[in-house]
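Report on one structure; see the data block that follows.
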Amino acid sequence: MNNPGLIYRGRFAPSPTGPLHFGSLVAALGSFLDARHHQGRWLVRIEDLDTPRTTREAAADILGTLEAYGLHWDEEIIYQSRRTAAYQAAFEQLQSRQHLYPCACSRKEIADSALQRGSELIYPGTCRNGLPTGKTARARRVRANDAPINFNDRLQGNITQDLAGEVGDFVVLRADGLFAYQLAVVVDDAAQEITDVVRGADLLYSTPRQIYLQRLLGFATPAYMHLPIAVNAQGEKLSKQTLARPVGKNNAATTLFDALVFLRQQPPAELRFSDVGQILDWAVAHWQPNTLLNCQQRVIE
Ligand code: GLU
């Protein structure tokens, strides 16, 4: 934690686009163990902001699965779909301080003119100094600046990103009128007073954008720990797109054991035949995330 005087508050924030699969179970388990090991609180937030992609059934299914795995949360669940007013207030704060500008570019126009870095496109700044004549605003972007953002990830070490050069001005209000994940996650982590974000390393390079927004909005920055993501033998992240199998509710104890092995926790072999409560008790007491230092992905069959 950045501030040792605070009570630890962690969270798991799934997007309900489908049932929980092994990769998301690992993120849920890692954040749960870290919170409980620090005698902290563990919250669940349903990130159902992207209404075209998320469903109520998937949210209910994820929550049922967490319960079957003994991952019991504290406090009331937050649903992002009900928090538009909070995102709007943050948006207006950014807007009134001239951090935002309207952008008329379509996805295709950006793809045609942007520099590419890895799988991310760097926005070339076409609308930064005003909309081209005859164009109407679609999205709102926040101006990135040249000062590098630096943070110390508990597992991945020192991360520095030059937002302007590596990401570019990024979207906070999408062309379809929905607030972007980067803004919502920052508003919600602050509202829930999260001290420690533990999540998959696929979000490692989103973190500087989130820290940047926290600074613009005057929010505290939590400590971050990015866990390795589960990939298949082709190096693809396990997700709905790669047809990852959902984790069943019936074989929770053995799957939980496998998730601990994935997190390099070396549970004793006989624990495999215990119930979820006993497995979690062992795992909370013995939680050693440092076995995962510098590890961003692990292959599972
Ligand atoms: N909802 C995001 C996801 O499922 C995670 C957000 C986060 O943990 O910050 O990928």
Side-chain angles (χ1 to χ4, degrees), residues 9-35 40-56 58-63 65-66 71 73 77-83 86-87 90 119-120 151 153-156 159 170-172 174 178-214 217 219-231 236-242 244 246-247 289 296-297:
R9 291 172 67 81
R11 56 35 161 214
F12 174 54
S15 304
T17 55
L20 210 63
H21 53 77
F22 189 76
S24 33
L25 174 67
V26 163
L29 177 62
S31 64
F32 174 89
L33 294 178
D34 201 55
R41 301 214 139 217
W42 187 65
L43 314 185
V44 171
R45 176 165 78 229
I46 298 292
E47 300 211 324
D48 56 352
L49 196 59
D50 192 349
T51 34
R53 290 177 57 238
T54 58
T55 67
R56 235 178 241 225
D61 189 65
I62 289 172
L63 295 175
T65 306
L66 292 177
L71 301 173
W73 55 89
I77 294 177
I78 278 196
Y79 287 81
Q80 289 194 324
S81 55
R82 301 177 197 161
R83 291 194 32 85
Y87 310 139
S119 59
E120 298 226 33
F151 72 103
D153 188 88
R154 287 171 55 200
L155 290 180
Q156 312 301 339
I159 306 288
F170 57 94
V171 170
V172 291
R174 304 175 359 173
L178 296 171
F179 288 108
Y181 156 70
Q182 306 291 359
L183 179 68
V185 77
V186 161
V187 170
D188 288 341
D189 283 339
Q192 296 189 291
E193 299 180 340
I194 299 302
T195 61
D196 289 72
V197 171
V198 178
R199 61 187 177 190
D202 50 328
L203 292 165
L204 185 62
Y205 292 98
S206 281
T207 308
R209 266 169 275 183
Q210 296 172 16
I211 293 175
Y212 183 61
L213 288 175
Q214 286 156 5
L217 289 162
F219 297 154
T221 292
Y224 287 95
M225 175 157 86
H226 286 87
L227 302 169
I229 54 165
V231 297
E236 298 163 332
K237 180 187 165 194
L238 295 190
S239 66
K240 211 169 85 178
Q241 288 72 31
T242 53
V247 293
Q296 288 191 24
Q297 61 177 53

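Start at 1 and go down the list; that is how both ligands and their atoms are numbered.
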Please name the pair of heavy atoms, one in Gln80 and one in Val185, separated by the smallest distance, quoted to 0.1 Å. NE2-N, 4.2 Å

For the pair Asp196 and Arg154, find out whether any cationic side-chain nitrogen is under 4.0 Å from an anionic carboxylate oxygen. yes

Name the one of Leu203, Leu204, Val198, Thr207 that satisfies side chain to side chain contact (heavy atoms under 4.5 Å, CB included) with Tyr224? Thr207

Identity and separation of the nearest protein heavy atom to atom 6 (C) of ligand 1: Glu47 OE1, 3.2 Å

Under 4.0 Å from any heavy atom of Val185, which atoms of ligand 1 are there? 9 (O)

Nitrogen or oxygen atoms of Leu203 and ligand 1 under 3.5 Å apart: no

Where is the nearest protein heavy atom to atom 8 (O) of ligand 1: which residue, which atom, and how far? Arg11 NH1, 2.7 Å

The protein heavy atom nearest to atom 5 (C) of ligand 1 is Ala13 O, 3.3 Å

Distance filter under 4.0 Å to Arg199 heavy atoms, resulting ligand 1 atoms: 7 (C), 8 (O), 9 (O)

Can you report which non-hydrogen protein atom sits closest to atom 3 (C) of ligand 1, along with the distance? Ser15 OG, 3.5 Å

Between the main-chain N or O of Tyr205 and the side-chain N or O of Arg209, is there a donor-acceptor pair closer than 3.5 Å? yes

Distance only, no hydrogens: is a donor on one side chain within 3.5 Å (strictly under) of an acceptor on the other, for Arg45 and Gln192? yes

With a cutoff of 4.0 Å, is Tyr181 in contact with ligand 1, counting heavy atoms of the residue only? yes

Between the side chain of Gln156 and the main-chain N/O of His226, is any donor-acceptor distance below 3.5 Å? yes

